[in-house]
Amino acid sequence: MRHLMSPLDFSVQELDTLLNLAGDIQADPAKYAKICEGRKLATLFYEPSTRTRLSFEAAMMNMGGNVLGFSSADSSSAAKGESVSDTIRMISCYADICAMRHPKEGAPLVASMNSSIPVINAGDGGHQHPTQTITDLLTIRSLKGRLDNLTIGLCGDLKFGRTVHSLINALARYDNITFMLISPNELKIPDYIRTDVLEEKGIHFKEVERLEDVLSDLDILYMTRVQKERFFSEDEYIRMKDCYILNAEKMQLAREDMLVLHPLPRVNEISVEVDKDPRAVYFKQVQYGVYARMALILLLLEIKKW
Amino acid sequence: MRHLMSPLDFSVQELDTLLNLAGDIQADPAKYAKICEGRKLATLFYEPSTRTRLSFEAAMMNMGGNVLGFSSADSSSAAKGESVSDTIRMISCYADICAMRHPKEGAPLVASMNSSIPVINAGDGGHQHPTQTITDLLTIRSLKGRLDNLTIGLCGDLKFGRTVHSLINALARYDNITFMLISPNELKIPDYIRTDVLEEKGIHFKEVERLEDVLSDLDILYMTRVQKERFFSEDEYIRMKDCYILNAEKMQLAREDMLVLHPLPRVNEISVEVDKDPRAVYFKQVQYGVYARMALILLLLEIKKW
Amino acid sequence: MRHLMSPLDFSVQELDTLLNLAGDIQADPAKYAKICEGRKLATLFYEPSTRTRLSFEAAMMNMGGNVLGFSSADSSSAAKGESVSDTIRMISCYADICAMRHPKEGAPLVASMNSSIPVINAGDGGHQHPTQTITDLLTIRSLKGRLDNLTIGLCGDLKFGRTVHSLINALARYDNITFMLISPNELKIPDYIRTDVLEEKGIHFKEVERLEDVLSDLDILYMTRVQKERFFSEDEYIRMKDCYILNAEKMQLAREDMLVLHPLPRVNEISVEVDKDPRAVYFKQVQYGVYARMALILLLLEIKKW
């Protein structure tokens with residue numbers, strides 16, 4: 001039995017299998033409409049995340065399966081002091097697979113070690129959110145046709161952005177990837193990524209302060225939010241903030257076939273005027289998230305083989 | 001693709017189609033038991049409303065469909081600052097149709113303008129609650145056999161009562177309707193209803209202060225609550241409150257075939273002793289609400305034709 | 001139509017039928033996989049209880065049925081002042097059977113008196129929790145092969161423990177049962193159990209202060225938590241607390257075939273080292289809880305006959 005804790009749990013080849021399966025689901029959803037009949041997914045969300053929770057639930061329902069669980073810790077046994085280990089043993093009696101979101105790093109890992117059903121980490125604190133990364137990979141591969149030979153801009157808060165770190169780790173395993181790291185000085189990627197991943201593996205990358213500096217070079221632009229509180233000073237924030245807001249004007253600098261991704265929710269880092277641009281694929285990305293989770297569930301339940 | 005924002009969105013003829021379909025569902029529910037198999041309803045309740053939410057969920061489940069969503073804003077992405085427009089684009093990837101309850105007037109309309117799935121307004125602030133109105137119409141038509149030639153008493157808070165305003169608007173489109181408007185002076189219907197709907201269309205109506213004044217004339221009595229805080233003074237409240245409480249004694253003044261409706265929940269405006277009276281149909285009304293929503297879902301999903 | 005309010009609602013013979021049906025479900029779950037197709041269970045949880053709620057939901061889903069409801073009072077009509085009587089009349093239009101958890105004793109009984117669908121008490125305050133008791137009986141009978149001729153240790157807070165009182169009442173109906181009542185002095189079973197149940201029926205029992213005193217005599221050890229606040233003094237708590245914590249060392253005193261049960265959630269009254277011991281069956285008990293609820297639903301819906 002396998003679990004999914006980190007995007008690197010799966011080999012490149014296994015990921016290929018998963019992404020191919022997701023592609024097949026997209027091509028012929030009717031074929032999968034009852035494949036999980038009689039199976040149950042537990043969504044154990046110790047902190048709310050409507051987007052991720054509903055994506056899992058839609059995925060399971062699309063395959064004829066059922067869903068039970070909780071959407072926040074107030075309505076869970078956690079309030080009564082039960083350990084995650086005990087909770088997962090209980091849930092193992094109720095469901096065939098589970099997706100767990102938890103504010104504490106490592107909680108899904110503890111669960112997986114005590115579980116008799118597959119556990120999917122649906123986000124654990126600032127640590128990992130592997131199904132988001134798989135979604136990002138599926139979106140890129142589906143719309144670009146490849147995961148190698150790409151120049152990828154990552155823009156925003158690269159210091160604390162869990163999604164960004166995971167995506168770098170995941171893409172670093174493919175050939176000829178160049179990263180353009182676009183962030184304010186105080187929000188640059190942490191050393192353990194720069195040194196241990198990028199430099200160690202000899203991956204091309206460039207760190208810049210302004211989106212306009214590299215926009216025209218990109219195959220993919222992955223946007224994330226920069227929170228005001230994370231700047232050193234109000235002055236610095238005012239001076240820099242427009243550099244991290246994507247609008248129609250900046251989109252004119254980008255290539256015809258550049259894709260804009262965003263893990264969502266967005267606040268104002270992408271102007272709504274960009275939504276109409278065919279290069280803006282962040283809502284398509286939501287749909288790919290459902291296909292990715294469907295494929296993942298099928299593989300972890302061993303209904304489909306790796 | 002159509003949405004439902006206001007009870008007047010549908011023509012009288014379209015409403016007829018919907019009510020006929022609801023009648024057919026009631027007559028032979030088994031025929032519809034799997035008609036929505038593989039379809040998903042999203043219930044997006046930004047404020048709690050158990051009655052309305054569960055009515056939609058029961059409706060969808062009665063037809064073999066699935067349900068996902070949230071029951072209050074705390075567990076939704078709204079807390080993270082996402083716009084309704086972005087949320088509905090996400091939900092469009094997860095579900096085939098959605099019912100949205102929102103404390104802000106117009107939120108479901110904004111959603112419908114950005115949605116690729118049908119949106120049903122399940123109540124937006126003090127504005128509209130069209131499925132309640134369709135429920136009321138179905139109840140009256142099913143139990144009275146007609147929607148014209150009726151004398152309808154509307155009792156309680158006619159100033160702020162969203163349900164009452166919608167019902168007046170909806171019934172004003174049928175022939176020979178008389179409204180008896182029963183309320184304290186300070187809670188009379190607003191001018192834009194009195195002038196723009198009733199007088200403008202030349203509809204018979206009478207405004208009275210006491211339920212007993214007109215009870216014997218009514219085919220339908222539609223009760224709503226009068227909240228104490230809305231009276232001008234404590235004295236006035238004490239003097240008047242019994243006029244808006246329906247009890248067994250008052251029921252003796254009513255016709256044999258008068259029907260009592262109430263949108264529920266009731267607090268004390270109808271004594272529980274009235275529940276046993278066969279003319280009390282407010283719990284039947286709940287059942288009609290399920291049939292009405294089933295018919296609505298089938299039409300909006302274009303499984304059934306208008 | 002029948003409801004379930006208290007474990008004693010069913011005769012010993014009826015319980016036998018229920019436990020036999022649960023056994024058959026366990027032996028061949030596939031036979032029951034669609035038996036509730038088209039039926040709906042409402043879970044009305046006026047206070048959160050993830051364990052119990054999800055057990056009911058899993059039970060219904062295992063039989064192909066649907067589930068709707070609410071998991072805490074904040075998202076229910078209760079907040080708007082609706083009575084339980086009115087709520088159940090509404091729910092009767094939405095579902096075929098309901099499980100109600102309520103902080104007030106007697107609320108499910110009031111509901112059952114106004115309901116047109118079967119109501120299951122899923123815990124009402126400190127009063128009753130009959131499906132826990134049925135779960136306990138099923139666990140014991142399945143793993144011991146009998147419900148008579150047993151020596152049962154009940155350990156912990158015997159004064160306030162609803163689960164313990166129900167279990168005593170339920171087992172008192174079988175032949176040759178001996179109870180070992182293990183608790184601090186201030187948390188001994190109440191007189192109405194000691195006098196009215198045990199002494200009245202001439203049932204063997206012994207009250208002791210320390211688990212070690214009787215551990216070697218037991219066929220079954222039923223553990224519950226002792227809350228610190230319930231001791232008379234801090235000194236007393238420190239002196240006694242270790243007597244009510246089951247660990248590997250104490251397990252050495254117990255028989256080879258003694259079973260350890262616990263209604264869960266546990267906090268620290270059973271050391272995690274005990275989990276590996278094959279005599280620890282509290283997680284199996286969770287699984288039996290699902291089978292017990294499946295059988296109960298089938299009987300109350302009259303899909304299976306008593």
Side-chain angles (χ1 to χ4, degrees), chain A residues 26 29-30 32-34 36-37 41 43 45-75 101 135 225 227 262-270 272 275-276 280 282-293, chain B residues 34-48 50 53 56-57 60-61 63-102 107 110-111 113-117 301:
Chain A
Q26 182 187 10
Y32 296 86
K34 298 198 168 188
C36 285
E37 222 173 44
L41 164 73
T43 47
F45 277 59
Y46 288 87
E47 65 178 7
S49 173
T50 306
R51 178 176 317 280
T52 303
R53 180 172 61 83
L54 295 185
S55 182
F56 273 109
E57 298 191 6
M60 192 60 173
M61 289 175 177
N62 284 346
M63 302 190 290
N66 276 309
V67 177
L68 45 74
F70 49 87
S71 56
S72 70
D74 347 322
S75 56
R101 175 89 156 209
T135 297
R225 185 155 36 125
Q227 289 173 278
H262 190 298
L264 303 183
R266 70 151 152 207
V267 178
N268 63 355
E269 59 278 14
I270 302 178
V272 292
D275 296 357
K276 295 182 296 280
Y282 29 91
F283 292 116
K284 284 188 185 166
Q285 204 177 345
V286 177
Q287 183 65 67
Y288 283 115
V290 178
Y291 299 134
R293 290 180 177 97
Chain B
K34 299 198 168 187
I35 198 166
C36 285
E37 222 173 43
R39 310 290 183 116
K40 281 165 284 147
L41 165 73
T43 47
L44 311 180
F45 277 60
Y46 289 87
E47 65 179 6
T50 305
R53 180 172 61 83
F56 273 109
E57 299 191 5
M60 192 61 173
M61 289 174 177
M63 301 189 290
N66 277 309
V67 177
L68 46 73
F70 49 85
S71 57
S72 69
D74 348 323
S75 56
S76 84
S77 302
K80 295 182 190 162
E82 187 174 59
S83 68
V84 164
S85 309
D86 278 15
T87 300
I88 195 68
R89 282 180 182 126
M90 162 183 79
I91 295 295
S92 295
C93 299
Y94 295 162
D96 302 289
I97 187 167
C98 103
M100 179 182 288
R101 176 88 156 209
H102 205 289
V110 171
M113 289 172 350
N114 291 282
S115 178
S116 56
I117 60 173
L301 282 177

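Just so it is clear: chains get the letters A, B, ... in the order the sequence lines come, proteins before strands, and each one is counted from 1.
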Q. Distance-only, no hydrogens or angles: does the A/Arg266 side chain make a donor-acceptor pair with backbone N or O of B/Glu82 under 3.5 Å?
A. no

Q: Output the option from A/Ala58, A/Gly289, A/Ala33, A/Ala59 having the highest count of non-hydrogen pairs under 4.5 Å with chain B.
A: A/Ala58

Q: Report the distance from atom CE of A/Met60 to atom CG of B/Asn66, rounding to the nearest 0.5 Å.
A: 10.5 Å

Q) Who are the side-chain contact (heavy atoms from CB on, under 4.5 Å) partners of B/Asn114, not counting sequence neighbours? A) B/Ser85, B/Ile88, B/Arg89, B/Val110

Q) From B/Asp86 CG over to A/Asp275 CG, what is the distance, rounded to the nearest 0.5 angstrom? A) 6.5 Å

Q.
I'd like to check B/Leu68 versus A/Arg53 (side-chain heavy atoms, cut-off strictly below 4.5 Å). Are they in contact?
A. no

Q: Please state whether the side chain, the backbone, both or neither of A/Lys34 comes within less than 4.5 Å of a heavy atom of chain B.
A: side chain

Q | Gap between atom CG of B/Leu44 and atom OG1 of A/Thr50 - 0.5 Å precision | A | 9.5 Å

(Q) Go through it in stages, so that I can follow the logic: the residues are A/Met61 and B/Val67, the test is side chain to side chain contact (heavy atoms under 4.5 Å, CB included), and I'd like the CA-CA distance, side-chain angles, deciding distance and then a yes or no. (A) CA-CA 9 Å; A/Met61 289 175 177; B/Val67 177; 5.7 Å; no

Q: Could you check B/Met90 against A/Leu264 for side chain to side chain contact (heavy atoms under 4.5 Å, CB included), going step by step and ending with a plain yes or no?
A: CA-CA 9 Å; B/Met90 162 183 79; A/Leu264 303 183; 5.6 Å; no

**Q.** Backbone N/O of A/Val290 and side chain of B/Tyr94: donor-acceptor pair under 3.5 Å
**A.** no

